[in-house]
Amino acid sequence: MSTLLEVKNLKKHFPINNGGLLKKQNGAVKAVDGISFQVKQGETLGLVGESGCGKSTAGRAILKLLEPTEGEIRFKGEDITGYRGEKLRKLRRDMQLIFQDPYASLNPRKTIEQIITEPMKIFNLPKQQRKKKLDRLLDVVGLSSYHKQRYPHEFSGGQRQRIGIARSLALDPDLVICDEPVSALDVSIQAQVINLMEDLQQEFNLTYIFIAHDLSVVHHISDRVAVMYLGQIVEIGEVEELYSHPKHPYTQALLSAIPEADPELSRERILIKGDLPSPSDPPLGCKFHTRCPYAEEICRTSNPLLKQVSSGGQQAACHFVKEVALEH
Amino acid sequence: MPALPQTTNPPELPGPKNNASAKSSSLWLDALSRLVKSKTSFIGLCIILLLIVIAIMAPIVATHSPTDQQLLNRYLAPSAEHWLGTDELGRDIFSRIVYGTRISIQIGVIAVGISAVIGILLGGIAGYFGRWIDQVIMRIIDIMMAFPSILLAIALVAVLGPSLTNAMIAVGIVGVPQFARIVRSTVLSVKETEYIEAARAIGAKNNRILFQHVLPNCLAPIIVQATLSVGTAILDAAGLSFLGMGAQPPSPEWGAMLSDGRAALQTAPWVVAFPGLAIFFVVLGFNLFGDGLRDALDPRLKQ
């Protein structure tokens, strides 16, 4: 499998201006602070982390919906970081986004037909072809052709999400970034949409970056998982390996919080104390040290880098990977 | 009790067939039903419809020619022959008011059309592109708003020359800031929505996003503002005509009629009173309708 997407040291900082006339910059919110990873053709990379850790920002920066502050994005071997204007527009055919909120992501003034065919119109597909494609897309996402003339508000959340999925597939993209595509849906509908997404991946040979905070959903759909904390990746690896042998204390804490449907099972919950520190003023050293049960002096001064922790390619960013893993 | 004939009401068939025939109800239909339910806006709507009917049927409704002078019949009080009396040249006031409806509607629609087109463009561009374009446009709008509107209109007519067309242009330009500000603020909120981000993600260009995605979603406040502006435009144009800078004699414009009749205010008050009442009702009609429209289109009031 070839590498489809490669992200190197990607940063997205949002400047904080004090409201004055001169717009003096007062520091920055470091939403994404140097993440690197690769995504192979046809795989699903899960991106997990708590709210505000920068996962959505990372997704949008990769799609260049947000201008990255620093770093490099290579797509199909090409450096797309500096793409602008027409070149960037052409790139949109190959990279698409599925939104979190199916209620906000569809234009309420357009019919389903208009919504799904718009990308094809923008890229000048002939009318006949648009029609055929529309019918096929409606079919694969499980909507009927009489839905075409309706408006988004006439649909349920699950149906709307499927409309959004059909729109993002209209241009036959290679990479689809799914920004919490099921977190706004009921649990029963979540399964439907997830299964649909898996079928579509098979059928259209899609590569997914699946952003979510629901660890069980990520476990189900992902091939590899990256765990983010305060704008950085703290652990990344194959899904089974990472879920069974988490090496970073943050990953361990996250995984121990997944509820299990077995009342007999007694487990040790790893509780992390306190709140997520502000991304505008992140702690020095290891960003997790303020909440880490194992933190020592070195964690307060030096930020650990991702390093190989297993033969399977799992990487974690912790000074005490070995000790922590043993203790677990 | 005699047995009633059985009314056969077959139970509705479930299934996709029923679903398919279900009509697509748009947001506008919802709004319309709410609009008709409100009493005040219904009254406003009636006034506006009445006005339009009168304007279209003016030759049938009017009892006399609006410009026909009968100098022997000057300042006649209302009577069976002249329902609302006659003015200083013996013209029938009722007929003049009826024909004046045409002028007023024309003024309202054209002036508001000018305001809306310019205002929507300026406000849309300012709100959507932001940065220095926004600053430049909105500071110009601020300057326009700093002038009293009638003074600005007078200045414009002074430059263009007094005529009804120029009065409409002047009133139209004076109304631009209202539209620009409302459109800008709506655009600012709409452009942050996810469906605009979605449009960008599928490769839409700025023009397409602004005109096909952002502005159509700003329509509700624009329509409300347009309706409310018609009243103000008619009022402003009447003011200009009153000052002799709008409609020229012998055109039966209501503001000009007020001006012509003010010399005889003491002896023949009907010459002034009836055109004044006409202006009052029309402006009231548009304001009531506009307010109702605002309530109907506000999704927060949806139950």
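Sequence lines set the chain letters: A, B, ... in the order given, protein chains first and strands last, and positions in each chain run from 1.
- The minimum heavy-atom distance linking A198(B) with S105(A) is given by the pair CB-O, 3.9 Å.
- Between R92(A) and A201(B), the shortest heavy-atom distance links the atoms CD-O, 3.2 Å.
- Looking at F123(A), the atoms closer than 4.5 Å to chain B (heavy atoms on both sides) all sit in the side chain, from C-beta outward.
- Between atom CG of residue N107(A) and atom CG of residue N217(B) there is a gap of 4.5 Å, rounded to the nearest 0.5 Å.
- Applying the salt bridge (Lys or Arg N to Asp or Glu O under 4.0 Å) test to D101(A) and every residue at least two apart in sequence or in another chain returns nothing.
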(request) Report the C-alpha distance between R208(B) and K121(A) in whole Å, list the side-chain angles of each, state the deciding distance to 0.1 Å, and finish with yes or no for side-chain contact (heavy atoms from CB on, under 4.5 Å). (result) CA-CA 11 Å; R208(B) 183 184 192 93; K121(A) 237 182 238 171; 3.9 Å; yes
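- Residue-environment remark: CZ (R139(B)) exceeds the threshold of 12 foreign heavy atoms within 6.0 Å.
- To the nearest 0.5 angstrom, R109(A) atom CZ is 11.5 Å from L215(B) atom CG.
- When heavy atoms are compared at a cutoff of 4.5 Å, R60(A) approaches chain B solely by way of its side chain, counted from C-beta outward.
- The choice from L106(A), L91(A), I115(A) that makes the most heavy-atom pairs within less than 4.5 Å of chain B is L106(A).
- Other residues, nucleotides and ligands contribute at most 12 non-hydrogen atoms within 6.0 Å of the CZ atom of F281(B).
- Sorted by first and then second residue, the pairs that involve residues 171-187 of chain B and meet side chain to side chain donor-acceptor pair (under 3.5 Å), not counting sequence neighbours, are D134(B)-R184(B).
- The neighbour count for Q128(A) CD, taken as heavy atoms of other residues, nucleotides or ligands under 6.0 Å away, does not exceed 12.
- For D135(A), the salt bridge (Lys or Arg N to Asp or Glu O under 4.0 Å) criterion is met by K148(A), not counting sequence neighbours.
- Y195(B) is not listed as a side-chain neighbour of K110(A), based on a closest heavy-atom distance of 4.5 Å or more.
- Contacts from residues 81-90 of chain A to chain B, taken as heavy-atom pairs separated by less than 4.5 Å, involve E86(A), R89(A) in sequence order.
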(request) Give the intermediate values and the outcome of side-chain contact (heavy atoms from CB on, under 4.5 Å) for residues I202(B) and Q96(A). (result) CA-CA 7 Å; I202(B) 56 173; Q96(A) 275 299 323; 3.8 Å; yes
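- Here the straight-line distance linking atom CD1 of I122(A) with atom CD of Q212(B) works out to 8.5 Å at 0.5 Å rounding.
- In the displayed structure, F42(B) atom CZ is contacted under 6.0 Å by at most 12 heavy atoms of other residues, nucleotides or ligands.
- Separation of atoms CD (E194(B)) and CG (L97(A)) is listed at 8.0 Å; rounding is to 0.5 Å.
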